[in-house]
Amino acid sequence: AERVGVILGLKPGQFNLREALKVKHVLEERGKQVLMLGFDEVLEEALANFPSLEAFVCTACPRIGVDDCEKFSRPLIPASNLLEALGHEPGEN
């Protein structure tokens, strides 16, 4: 994907701005266009408002997109999975 949405969870306990900014930085280093999105709930209906985005990375609940992958029409992966796949530890700066 060239255009990626980074989802920042706005619910208490799911707000992780540091991880969201890290994901944004890592993706931009690889030439991706990144849009930061904030949601209380991550729903397909909300993501549909961003048709130009080809995939999403979620920094909220790590199970979103894995347990409920059939609910989403585009790829949605946990931030920790993306960072590990690109050679970064989720907790490292």
Side-chain angles (χ1 to χ4, degrees):
E2 294 301 315
R3 294 177 305 276
V4 181
V6 176
I7 298 170
L8 180 63
L10 300 179
K11 284 185 179 180
Q14 293 187 357
F15 184 82
N16 191 343
L17 182 59
R18 172 177 265 160
E19 186 173 53
L21 291 173
K22 179 177 181 175
V23 168
K24 179 181 186 293
H25 176 75
V26 167
L27 290 172
E28 287 177 340
E29 280 184 327
R30 286 162 175 77
K32 308 301 180 186
Q33 296 175 12
V34 178
L35 180 64
M36 300 285 287
L37 306 168
F39 294 112
D40 284 327
E41 288 190 56
V42 181
L43 303 170
E44 172 62 26
E45 294 80 13
L47 301 182
N49 291 314
F50 303 92
S52 67
L53 299 177
E54 300 165 317
F56 299 91
V57 179
C58 187
T59 66
C61 176
R63 294 185 323 270
I64 297 171
V66 175
D67 292 350
D68 301 328
C69 63
E70 71 281 348
K71 294 181 181 180
F72 298 99
S73 62
R74 291 170 280 177
L76 190 155
I77 64 169
S80 59
N81 290 21
L82 174 85
L83 292 171
E84 287 175 25
L86 297 177
H88 294 268
E89 289 296 321
E92 87 183 16
N93 291 322

Which pairs would a plain distance check flag for residues 33-48, meaning a side-chain donor or acceptor within less than 3.5 Å of a matching protein atom at least two apart in sequence or in another chain?
unit_1, atom_1, unit_2, atom_2, d
Glu44, OE1, Ser73, N, 3.1
Glu44, OE2, Ser73, OG, 2.8

Tell me the closest heavy-atom pair linking Pro62 and Pro78, and the distance in Å.
O-CG, 3.1 Å
Do Glu29 and His25 come within less than 4.5 Å of each other through their side chains, counting heavy atoms only?
yes
Under a 4.5 Å side-chain heavy-atom rule over Ile, Leu, Val, Met, Phe, Trp and Tyr, are Phe50 and Ile64 clustered together?
yes
What side-chain donor-acceptor pairs closer than 3.5 Å can you find for residues 4-13, not counting sequence neighbours?
none

CG/Leu86 to CG/Leu83 distance, rounded to the nearest 0.5 angstrom?
7.0 Å
If we only count heavy atoms from C-beta on, is the Lys32 to Arg3 side-chain gap below 4.5 Å?
no
Distance (rounded to the nearest 0.5 Å) between Leu82 CG and Ile77 CD1:
4.5 Å
Could you tell me whether the side chain of Arg74 and the main chain of Phe56 form a donor-acceptor pair under 3.5 Å?
no
Could you give the distance from CD (Glu2) to CG (Leu27), rounded to the nearest 0.5 Å?
10.5 Å
Roughly how far, to the nearest 0.5 Å, is the SG atom of Cys58 from the CD atom of Glu19?
9.0 Å
Kindly check if the number of other-residue, nucleotide or ligand heavy atoms within 6.0 Å of CZ (Arg30) is above 12?
yes
